[in-house]
Each structure stands twice: as C-alpha cells, then as structure tokens.
Asks: 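Following this message is one structure expressed as structure tokens.
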Amino acid sequence: MTAATRREIYRHLRSLAEHLTPPAPLSPHVEISDGQIIMMMSPAGRHDLAALRIERQLQPQLPPGIVATTSGDIEAADLGQLRRPDVLVLPEAAMDTDDAIDPEALLAAVEIVSPSNPENDYESKLRHYPRLGIPHYLIVDPRDGTCVHYWAITSKSGVPEYSARVPYTFGDKIAISDWVIDTSELPRYNAAPQ
C-alpha cells in the first residue's frame, strides 16, 4: 500500500470516527490502526488508577516544561495511526494544538493492559510505536503484575523496531530515561483494594 493510499484510507476512517457515538460500555475514544477503527471498552477503575499513579510518580521527576499526562491522542496520518496512550510523557508545548499530538514529541508512552484487548498493547502498539518515533514504551499488565520496558529504536529490514527489552514484576522499580516508576504502588486486577 502506498503512503498516499494509506493516508486516504486514514482520512476516511478519521472522518467516520468523528461521527461515531459508541454505546456503553464502550469508550468515547477510538483508535485507528491497520486500516481499522478500534472501539475500546471504557477502562476499569484499576486501569485508570494505575495510569494515575504512574502520572503522579513521574510528574515531580520531570524537568520544567516536560509533563506526564493521562490524556491526549497522538496521530500520524501518513502511517494511518490514531492512538491514545494511557500515560504520555512529552513537552507541554506539544499539547498546545487544536489537533492531535505529534507522536514524535513523546519522550515515553505507557500502556496499561486491558483485560478485554491485551493484543492491542503487546502486538499492534509494540509494532507501531517505534515507527511513530516514541523512544520509550512501557507496558504495564495488571492481569499478572508484570511490565515490559522497550527502547532503543533500530531499523530491521527498513522497519523501525525496539531493540532493547527488559521485563519486570510488580514491586520492581523501573528506570525509564532519568525517571523511576515504583511498580509496588500499582494495583492488580481482581485484587483486594489498596
């Protein structure tokens, strides 16, 4: 598929997505990837709690002008991608737009795995985030209390991919760039309230 065709299909899907009103329990936010609109379930409480705790941990560690946030779409029309990471780390100035955020502005993206669609984080986003130029990608999985940090984008057969990977379990401290996430504060699905 040519870039022009991919862009044309993406624009059509983006237009359709803007007019969708997903029924409950689907989220009002959609993603677009691989020529498809992805309807997502509204996140469970512990999913959002994990994202909130990561955001709160990161914020005081970040230099002036850099923020951690749990809101914001990223878009690369040429690659046919509209994504909504659970936690974004980026320059605050990159959010000063009427459009979606340029993914190349991100310093890191964190995804909290949803029980209903784990392959979106482990397969699709793992394939696409290095192509979008996101230097650090952290997958947090409250289903089994594990995390995986991916970084170091290289090119394999002309396709960007992460060449470094380190797995963790809840309780570990994860160093991403100059920041640390303490995973002992993250909730597990189907666990007693913390």
Side-chain angles (χ1 to χ4, degrees), residues 29 31 33 40 43-74 81 83-92 94-95 101-156 160-194:
H29 303 289
E31 293 185 337
S33 181
M40 299 179 291
R46 288 192 178 118
H47 176 282
D48 287 347
L49 180 60
L52 176 67
R53 287 181 177 173
I54 290 169
E55 176 190 33
R56 283 184 182 164
Q57 285 185 35
L58 289 173
Q59 198 58 56
Q61 300 176 59
L62 299 173
I66 304 297
V67 297
T69 181
T70 56
S71 62
D73 290 334
I74 60 173
Q81 297 292 309
R83 297 298 194 160
R84 188 173 186 87
D86 294 314
V87 181
L88 302 84
V89 180
L90 70 165
E92 183 176 341
M95 298 176 73
I101 297 165
D102 181 348
E104 291 187 2
L106 270 65
L107 304 175
V110 179
E111 294 290 356
I112 314 300
V113 175
S114 298
S116 62
N117 192 13
E119 60 278 353
N120 192 29
D121 298 321
Y122 282 109
E123 296 171 17
S124 182
K125 290 180 181 179
L126 181 57
R127 189 172 63 251
H128 291 114
Y129 280 6
R131 295 176 189 172
L132 296 173
I134 301 171
H136 292 274
Y137 175 34
L138 178 65
I139 300 174
V140 175
D141 196 337
R143 298 174 310 158
D144 61 5
T146 61
C147 303
V148 186
H149 175 205
Y150 295 91
W151 76 99
I153 299 172
T154 58
S155 183
K156 183 176 181 181
E161 65 178 30
Y162 294 112
S163 64
R165 172 190 182 276
V166 176
Y168 296 92
T169 58
F170 280 22
D172 292 338
K173 291 186 178 180
I174 301 173
I176 297 178
S177 188
D178 295 328
W179 328 303
V180 175
I181 296 172
D182 182 355
T183 62
S184 67
E185 294 184 10
L186 303 181
R188 296 270 310 266
Y189 295 145
N190 299 319
Q194 292 187 22

Asks: Take atom CZ in Arg143; do more than 12 heavy atoms of anything else shown fall under 6.0 Å from it?
Replies: yes

Asks: A side-chain contact here means heavy atoms from C-beta on lying under 4.5 Å apart; do Leu106 and Ile101 qualify?
Replies: yes

Asks: Quick one: are Tyr122 and Ile139 in side-chain contact, heavy atoms under 4.5 Å?
Replies: yes

Asks: For a side-chain contact (heavy atoms from CB on, under 4.5 Å) check, start with the C-alpha distance between Val166 and Val148, then their side-chain angles and the critical distance, and finish with the verdict.
Replies: CA-CA 6 Å; Val166 176; Val148 186; over 6 Å; no

Asks: For the backbone of Ala68 and the side chain of Gln59, can you confirm whether one donor and one acceptor N or O come within less than 3.5 Å of each other?
Replies: yes

Asks: So, do Thr69 and Leu90 sit near enough that their side-chain heavy atoms are less than 4.5 Å apart?
Replies: yes

Asks: Quick check: does any side chain N or O of Asp102 sit under 3.5 Å from a backbone N or O of Glu104, one acting as donor and the other as acceptor?
Replies: yes

Asks: State whether the side chain of Thr183 and the backbone N or O of Lys173 hold a donor-acceptor pair below 3.5 Å, judged by distance alone.
Replies: no

Asks: Run Val180 and Ile174 through side-chain contact (heavy atoms from CB on, under 4.5 Å) and show every step you take.
Replies: CA-CA 5 Å; Val180 175; Ile174 301 173; over 6 Å; no

Asks: Below 4.5 Å, heavy atoms only, C-beta onward: do Glu111 and Lys125 meet side chain to side chain?
Replies: yes

Asks: Within the 4.5 Å heavy-atom criterion, are Trp151 and Pro135 side-chain neighbours or not?
Replies: no

Asks: Start with the C-alpha distance between Leu132 and Ile74, add both sets of side-chain angles, then the distance that settles side-chain contact (heavy atoms from CB on, under 4.5 Å), and finish with yes or no.
Replies: CA-CA 9 Å; Leu132 296 173; Ile74 60 173; 4.2 Å; yes

Asks: Taking Ser177 for the side chain and Trp179 for the main chain, is one N or O donor matched with an acceptor at less than 3.5 Å?
Replies: no

Asks: How far apart are the closest heavy atoms of Pro160 and Ile153, and which atoms are they?
Replies: CB-CG2, 3.9 Å

Asks: Taking the side chain as everything from C-beta on, heavy atoms only, tell me whether Val140 gets closer than 4.5 Å to Ile54.
Replies: yes

Asks: Measure across Ala105 and Pro91 and return the closest heavy-atom pair with its distance rounded to 0.1 Å.
Replies: O-CD, 3.2 Å

Asks: Could you go step by step and tell me if Asp182 and Gln57 meet the side-chain contact (heavy atoms from CB on, under 4.5 Å) rule?
Replies: CA-CA 8 Å; Asp182 182 355; Gln57 285 185 35; 3.7 Å; yes

Asks: May I ask you to test the Leu52-His47 pair for a side-chain heavy-atom distance under 4.5 Å?
Replies: no

Asks: Specify whether Tyr137 and Tyr129 have parallel, tilted or perpendicular ring planes, treating 30° as the upper limit for parallel and 60° as the lower limit for perpendicular.
Replies: perpendicular

Asks: For the residue pair Arg84 and Thr70, confirm or rule out a side-chain donor-acceptor distance under 3.5 Å.
Replies: no

Asks: Could you tell me the separation between the CD1 atom of Ile176 and the CG atom of Leu138, rounded to the nearest 0.5 Å?
Replies: 4.5 Å

Asks: How far apart are the closest heavy atoms of Arg53 and Pro187, and which atoms are they?
Replies: NH1-CD, 4.0 Å

Asks: If only atom types and distance count, is the side chain of Asp86 paired as donor or acceptor with the main-chain N or O of Ala51 below 3.5 Å?
Replies: no

Asks: Specify the closest pair of heavy atoms between Pro130 and Tyr162, including all atoms of both residues, with the distance to one decimal.
Replies: CD-CE1, 3.2 Å

Asks: Got a second to check how far Asp178's CG is from Ile66's CD1, nearest 0.5 Å?
Replies: 11.0 Å

Asks: Could you report the tightest heavy-atom contact between Arg56 and Pro60, atom names first, then the distance?
Replies: O-CD, 3.0 Å

Asks: With distance as the sole test, does Glu161 use its side chain to make a donor-acceptor pair with the main-chain N or O of Arg127 at under 3.5 Å?
Replies: no

Asks: Looking at CG of Asn120 and NE2 of His128, how far apart are the two atoms once the value is rounded to the nearest 0.5 Å?
Replies: 10.0 Å

Asks: Keeping Asp48 on the side-chain end and Gly45 on the backbone end, is there a donor-acceptor pair under 3.5 Å?
Replies: no

Asks: Checking Asp144 against Tyr189: is there a side-chain donor and acceptor pair closer than 3.5 Å?
Replies: no

Asks: Does Pro85 reach the side chain of Val110, with side-chain heavy atoms less than 4.5 Å apart?
Replies: no

Asks: How long is the span from the OG atom in Ser71 to the CE atom in Met95, to the nearest 0.5 Å?
Replies: 5.0 Å

